Protein chains: 2
Amino acid sequence: MNLEEVARLSGVSRSTVSRVINNDPNVREDTRQRVLEVVRRVGYQPNTAARGLAAGHTRILGLVIPMGVSALFADPYFPLLIQGISSACNMHDHSVMLWLADPDYERRTIRQITHNGLIDGVIVASMLMDDPLVQALAEGDLPFVLVGRHPTDNRVSYVDVDNRAAAREAVAHLLRLGYRRIATITGPQNMIAGADRLDGYRAALKDRGLAFDPDLILEGDFTEAGGYAAMQRLLPRRPEAVFVASDMMALGALRALREAACRVPEDVALVGFDDMPFAARADPPLTTVRQPVQRAGAIAAEMLIDLIKHPGQGPRRVILPTELIIRASCDAGPKARKH
Amino acid sequence: MNLEEVARLSGVSRSTVSRVINNDPNVREDTRQRVLEVVRRVGYQPNTAARGLAAGHTRILGLVIPMGVSALFADPYFPLLIQGISSACNMHDHSVMLWLADPDYERRTIRQITHNGLIDGVIVASMLMDDPLVQALAEGDLPFVLVGRHPTDNRVSYVDVDNRAAAREAVAHLLRLGYRRIATITGPQNMIAGADRLDGYRAALKDRGLAFDPDLILEGDFTEAGGYAAMQRLLPRRPEAVFVASDMMALGALRALREAACRVPEDVALVGFDDMPFAARADPPLTTVRQPVQRAGAIAAEMLIDLIKHPGQGPRRVILPTELIIRASCDAGPKARKH
DNA sequence: CTGAAAGCGCTTACAG
DNA sequence: CTGAAAGCGCTTACAG
């Protein structure tokens with residue numbers, strides 16, 4: 001069933017059917033109704049490929065998730081992000097093509113994404129400091145937006161949270177509670193969020209005029225196993241509290257603590273990051289920084305759709321608010337407890 | 001940069017360039033090399049829409065995940081499935097379009113998926129007993145495969161595990177250990193896997209000539225919160241052991257047990273299903289049925305690609321093996337412990 | 001408000 | 001082994 005057929009059945013030209021399909025106002029109302037009736041009756045659905053070829057756009061958004069560690073994808077972060085993007089796309093009558101790419105892209109993969117002549121734009125769940133895909137995108141002219149800020153190029157559009165400020169606030173909270181020997185388990189330092197959150201940790205200490213102790217900084221990889229391993233190495237160094245740069249890692253830290261028979265927060269306090277669904281249900285429930293992942297996805301999609309509609313517009317940035325969620329994994333602090 | 005240009009630069013016709021691009025053997029070797037050289041030099045990438053329109057296929061697979069409860073998507077099951085599908089697609093030079101659909105599809109959504117003229121076939125992470133999309137697919141002629149068996153229509157292709165047999169084995173294990181008062185927290189009974197696993201539970205009891213007690217059967221929804229709520233209601237009924245139809249629900253059950261100060265496995269033993277990454281790290285580690293989710297995804301994709309290549313072939317079925325993984329959440333059993 | 005026609009960038013018989 | 005040409009199913013100036 002194609003345009004031609006619908007035109008014939010409606011007794012109009014293909015042009016007119018096309019106009020009706022595309023909501024062109026220049027169609028007489030009764031003509032429109034007649035065509036619409038036929039469309040409904042025969043269940044006509046325009047061919048996306050033909051449409052894309054003729055119109056030069058497809059209402060398809062690409063989503064690329066650069067994934068080194070496959071374990072990372074187990075983090076609910078990505079499902080939430082995808083959900084946000086997907087729902088915004090549904091709302092705006094767009095579809096999404098998904099690429100899970102190894103960040104060691106071959107050049108061919110990059111070309112496939114940027115020049116396939118199908119997608120109207122792409123969302124990159126960007127996390128690496130130096131992503132060759134992002135660079136290719138910046139040099140090309142396919143609209144794109146990053147989820148996660150770009151560290152250097154100020155021509156790119158993105159949506160993000162202020163990871164540095166949020167981490168700083170989280171650590172400041174620990175300091176306010178009276179904790180002093182505060183460690184951190186960081187994300188990978190080649191990921192922007194990982195570096196930014198460590199930065200925030202440092203800033204919070206500096207705000208109080210405290211020196212930071214390199215022994216209390218352990219690099220994790222945003223996975224549960226990574227948090228577990230880091231916490232084990234950290235334990236002998238006797239931290240009073242730990243700022244863990246993701247809830248997933250905090251879960252691992254919690255496990256290491258449990259195995260070592262350390263009580264949380266009595267022996268070691270913990271603060272996570274993300275406020276993933278499981279954080280509230282952890283034992284003990286995690287104090288953590290809530291970030292609106294799903295909303296970030298939705299906004300990224302909408303931003304991209306807008307960028308596609310209005311090309312040549314300046315870069316757009318949206319910084320979403322975070323919120324420190326206080327739960328049982330840190331309490332009144334060691335000083336207070338002594339009284 | 002299009003075919004025309006490449007043809008001009010190579011000094012051949014568009015037809016020849018097209019043949020080279022598509023690995024048609026009917027091209028003289030030196031011509032092929034010449035064209036390839038130009039293709040590489042200018043970074044030519046064929047336009048997917050044009051290609052799809054002309055050739056009638058696109059090497060794009062649709063993936064639809066019918067999602068009622070959005071909380072369900074937090075289950076690592078879907079990320080794993082997507083990873084499997086995605087990696088198989090990469091391997092076979094295919095791409096994937098993703099639809100997260102409310103299973104209360106509007107007819108329009110179904111048409112959009114089945115008649116968009118873009119995808120060559122679709123994978124449905126089918127879980128509902130009666131999915132209108134699946135029915136539409138069965139009546140149409142777009143190749144498709146389900147992840148999860150179809151309960152009635154024996155013309156559909158799918159990959160699945162034997163949920164019934166696996167559940168039966170898990171419960172038989174509890175029985176062997178000496179547990180008798182065995183409860184189950186089921187998945188939603190409008191999901192095939194949910195119904196099949198309950199069936200397996202019943203079969204295991206029957207194998208031993210044991211009657212089953214309706215009071216010991218609680219319906220969950222495959223979420224952590226659902227498992228938690230079900231376990232709370234179950235507790236007063238004093239089960240010795242519980243077969244929980246998914247690890248995610250088992251996590252919730254574990255939380256309810258912990259809050260009620262019940263020890264696992266001393267007071268209540270637990271068996272889960274899925275062997276999700278977190279199952280081994282739970283406290284205590286979960287005995288559970290391992291199913292190869294990622295592999296199921298990969299096989300579904302490969303099956304679909306094959307079905308597309310060889311249309312009109314009979315339905316294909318693959319049942320993947322499961323394995324009962326013994327961990328600490330159930331032990332020698334109440335009888336044994338008395339000695 | 002409507003239609004005839006060109007064109008989007010490919011593939012693929014067909015002829016040679 | 002190669003090229004000219006038709007055609008895939010749409011959209012969109014253009015003319016009326």
Side-chain angles (χ1 to χ4, degrees), chain A residues 1-36 38-39 42-60 93 95 111-112 114-120 142 308-309, chain B residues 1-36 38-39 42-60 95 111-112 114-120 308-309:
Chain A
M1 179 55 58
N2 58 19
L3 248 205
E4 181 93 48
E5 283 274 276
V6 175
R8 197 172 50 70
L9 292 171
S10 322
V12 297
S13 71
R14 277 160 28 190
S15 316
T16 298
V17 177
S18 178
R19 286 190 193 98
V20 171
I21 295 294
N22 294 296
N23 288 317
D24 185 321
N26 291 353
V27 179
R28 226 171 54 210
E29 194 48 32
D30 60 326
T31 312
R32 178 188 307 281
Q33 290 310 330
R34 192 148 36 95
V35 173
L36 246 24
V38 173
V39 165
V42 303
Y44 169 68
Q45 182 71 27
N47 178 300
T48 307
R51 208 170 191 180
L53 184 56
H57 59 253
T58 53
R59 303 182 79 83
I60 298 175
D93 194 26
S95 305
R111 286 211 68 82
Q112 260 167 216
T114 58
H115 289 259
N116 66 8
L118 188 59
I119 57 179
D120 291 345
L142 186 70
I308 291 165
K309 203 185 301 177
Chain B
M1 179 55 57
N2 57 21
L3 249 205
E4 181 93 49
E5 283 274 276
V6 175
R8 197 172 49 70
L9 293 172
S10 322
V12 297
S13 71
R14 278 160 28 192
S15 317
T16 298
V17 176
S18 178
R19 287 190 191 97
V20 171
I21 294 294
N22 294 295
N23 288 316
D24 186 320
N26 292 354
V27 179
R28 227 171 54 210
E29 195 48 32
D30 60 325
T31 312
R32 177 187 309 280
Q33 291 309 330
R34 191 145 39 94
V35 172
L36 247 22
V38 173
V39 165
V42 303
Y44 169 68
Q45 182 71 27
N47 178 301
T48 308
R51 207 170 193 181
L53 185 55
H57 58 256
T58 53
R59 304 182 80 82
I60 298 174
S95 305
R111 286 211 68 80
Q112 259 167 214
T114 58
H115 290 258
N116 67 7
L118 188 59
I119 57 178
D120 291 346
I308 291 165
K309 203 184 301 177

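If you're wondering where the values come from, they're calculated on a predicted model, not measured in any experiment. Just so it is clear: chains get the letters A, B, ... in the order the sequence lines come, proteins before strands, and each one is counted from 1.
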- Taking C:dT2, C:dG9, C:dG7 as options, the one with an atom nearest any side-chain atom of B:Ala50 is C:dG9
- Query: Where the side chain of A:Asn22 meets the backbone of A:Asp24, is there a donor-acceptor pair that is under 3.5 Å apart?
  - Reply: no
- Message: If we count only N and O atoms by modelled type, under 3.5 Å, do the side chains of B:Asp120 and B:Thr58 hold a donor and an acceptor together?
- Response: yes
- Using 4.0 Å as the upper bound for N to carboxylate O, is an ion pair formed by A:Asp93 and A:Arg59? yes
- Query: Does the side chain of B:Ser18 get closer than 4.0 angstrom to OP1 or OP2 of C:dC10 through an N or O atom?
  - Reply: no
- Take the protein atom CG of B:Asn2 and the nucleotide atom C1' of C:dG7, then report the distance between them rounded to whole Å. 12 Å
- With the side chain defined as heavy atoms from C-beta on, B:Asn47 is closest, among C:dA4, D:dT11, C:dC10, to C:dC10
- Side chains of A:Arg14 and A:Val17 in contact at under 4.5 Å (non-hydrogen atoms): no
- Query: According to the Watson-Crick and G-U wobble definitions, with both distances under 3.5 Å, which nucleotide is paired to C:dC14?
  - Reply: D:dG3
- Message: Could you tell me how far apart B:Gln33 (CD) and D:dC1 (C1') are, to the nearest whole angstrom?
- Response: 16 Å
- Report yes if a side-chain nitrogen or oxygen of A:Tyr44 is closer than 4.0 Å to either non-bridging phosphate oxygen (OP1 or OP2) of D:dC10; otherwise report no. yes
- Message: Taking the nucleotide of DNA chain C with the nearest heavy atom to each, does B:Met1 or A:Thr31 sit closer to the 5' end?
- Response: A:Thr31
- Query: Can you tell which of C:dC8, C:dC10, D:dA13 lies closest to the side chain of A:Arg19?
  - Reply: D:dA13
- Message: If the cut-off is 4.0 Å, is B:Asn22 near the phosphate of C:dT11, judged by side-chain N/O to OP1 or OP2?
- Response: yes
- Item | Check: A:Thr48 side chain, B:Asn116 main-chain N or O, donor-acceptor pair, under 3.5 Å | yes
- Touch class at under 4.0 angstrom, heavy-atom based, for A:Ser15 against every strand present: base
- Message: I'd like to know whether CD of A:Glu5 has more than 12 heavy-atom contacts from other residues, nucleotides or ligands below 6.0 angstrom.
- Response: yes
- Message: Output the rounded distance in Å from NE2 (A:His57) to P (D:dT11).
- Response: 8 Å
- Specify the separation, in whole Å, of atom CD of B:Glu4 and atom P of C:dC10. 10 Å
- Ignoring backbone atoms, establish whether A:Arg51 has a side-chain N or O less than 4.0 Å from OP1 or OP2 of D:dT11. yes
- Query: Which value, in whole Å, describes the distance between the C1' atoms of nucleotides D:dT12 and D:dG16?
  - Reply: 16 Å
- Item | Length of the line joining B:His115:NE2 and D:dG9:P, which is rounded to integer Å | 14 Å
- What's the closest nucleotide to the A:Arg28 side chain, out of C:dC1, D:dC8, D:dC14? C:dC1
- Item | Integer-rounded Å distance: C:dA6 P and A:Leu53 CG | 17 Å
- Task: May I have the distance from A:Leu118 (atom CG) to C:dC8 (atom P), rounded to whole angstrom?
- Result: 18 Å
- Can you tell me how far C1' of D:dA6 sits from CZ of B:Arg14, to the nearest Å? 11 Å
- Task: Give one of base, sugar-phosphate or nothing for B:Thr16, where a contact means two heavy atoms less than 4.0 Å apart.
- Result: sugar-phosphate
- Query: Taking the side chain of B:Ser13 as its heavy atoms from C-beta onward, which of C:dT2, D:dG3, D:dC10 lies nearest to it?
  - Reply: D:dG3
- Indicate, with a heavy-atom threshold strictly under 4.0 Å, whether B:Asn26 touches base, sugar-phosphate, or nothing. base
